[in-house]
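Reviewing the structure listed below.
Residue numbers count from 1 along this sequence. Counting starts at 1 for both ligands and their atoms, in listed order.
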Amino acid sequence: MAISKLELPQGVSAHEFKNPAQLAEGQALAVAKQLSEAIEAQGTATLVVSGGRSPVAFFQHLAKQPLDWTNVVISLADERWVPVEHADSNAGLLKRYLLQGPAAKAQFLSLYSASANLEEAAEQADRLLSELPVIDVLVLGMGDDGHTASLFPNSPNLAEALKADGIRRCWPMMAPTVPRQRLTMSRALLASAKHKILSISGQSKLTTLDAALAGDDVAAMPIRAFLQPTLEIYWCP
Ligand SMILES: O=C(O)[C@H](O)[C@@H](O)[C@H](O)[C@H](O)COP(=O)(O)O
């Protein structure tokens with residue numbers, strides 16, 4: 001199956017690439033263009049990215065783009081509640097692959113804090129995110145269960161975190177796999193981004209997307225909250 005075979009809602013578009021390397025490069029060029037347009041228009045640009053396994057090549061390409069990185073603010077759609085030195089830390093992933101060379105000059109807002117417990121860490125991240133400027137570019141990933149960011153089906157707090165008009169910016173969440181303790185930006189904050197990208201590769205993610213498009217229970221597949229205008233899907237087999 002190819003993404004062109006899916007019937008996407010109006011305002012949702014697809015960019016298809018031959019392989020993960022080409023997707024990473026194409027996506028990095030597009031994101032860099034959106035960030036530089038934001039800098040030109042308003043002096044600064046804000047980028048929110050996802051972690052997980054697949055974004056490494058995208059981060060490496062993006063870090064090489066000639067951008068005025070001192071005027072870029074970067075944060076994460078979600079984080080595992082582990083210190084930056086931990087192998088599962090999304091902040092650690094960013095430090096290794098995106099905040100390198102000239103891109104190291106970007107300002108990074110971390111969701112993680114060594115608070116007494118996950119709830120307090122989420123409250124602290126929520127306060128910190130009040131300083132986050134309007135998100136210019138958001139890059140989401142998607143799991144095979146239809147989660148995006150750390151909005152996991154069946155997690156405590158999911159209903160609140162998925163409220164379209166929710167005021168809170170960050171929620172504590174529980175993932176089905178370790179590390180289970182997560183921090184996620186809320187649907188409302190993520191959805192406020194000016195440019196929204198969903199980056200997925202492989203047939204199984206396309207099958208998940210197909211299933212998500214076929215229903216409307218957002219709690220069952222939280223990615224459904226973002227399958228509406230406007231979203232650009234970057235995909236390769
Ligand atoms: O920190 C994380 O794990 C994420 O932000 C998560 O939402 C991720 O984007 C998906 O699980 C897809 O991950 P992959 O792209 O690595 O499959």
Got the closest protein heavy atom to [atom], with its distance?
atom	value
atom 16 (O) of ligand 1	Arg53 N, 2.5 Å
atom 12 (C) of ligand 1	Met142 O, 3.4 Å
atom 3 (O) of ligand 1	Arg80 NH2, 2.6 Å
atom 14 (P) of ligand 1	Ser54 OG, 3.2 Å

N/O separation below 3.5 Å, His147 to ligand 1: yes
Contact (N/O only, under 3.5 Å) between Pro55 and ligand 1: no
Decide yes or no for [X] and [Y]: does some side-chain heavy atom of the first lie under 4.5 Å from some side-chain heavy atom of the second?
X	Y	value
Phe226	Leu198	no
Leu209	Ile233	yes
Val31	Leu35	yes
Leu151	Leu190	yes

Atoms in ligand 1 with a heavy atom of Gly141 nearer than 4.0 Å: 9 (O)
Ligand-residue contact atoms, ligand 1 with Asn90, heavy atoms, under 4.0 Å: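 Going through ligand 1 atom by atom, the ones under 4.0 Å from Asn90 are 1 (O), 2 (C).
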Any donor-acceptor N or O pair under 3.5 Å, side chains His15, Glu232: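 A pair is found: one side chain offers a donor N or O, the other an acceptor, under 3.5 Å apart.
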Under 3.5 Å donor-acceptor, Ser50 side chain and Val139 backbone: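 Flag set: sc Ser50 to bb Val139 pair under 3.5 Å.
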Shared hydrophobic cluster, Ile3 / Leu231 (ILVMFWY, side-chain heavy atoms < 4.5 Å):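 Yes.
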Nearest option to atom 2 (C) of ligand 1, as decided by whichever heavy atom of Asp78, Thr148, Asp144 sits closest: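 The residue whose heavy atom sits nearest atom 2 (C) of ligand 1 is Asp78.
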Shortest reach to atom 6 (C) of ligand 1 by a heavy atom, considering only Gly143, Ser50, Ala175, Ala149: Ala149
Proximity to ligand 1 by part of Lys205, non-hydrogen separation under 4.0 Å: side chain
Sequence-distant partners of Glu119, side chain to side chain contact (heavy atoms under 4.5 Å, CB included), two or more places apart: Asn117, Pro172
contact_flag Glu79 ligand 1 heavy-atom lt 4.0 Å: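 No, Glu79 has no heavy atom closer than 4.0 Å to ligand 1.
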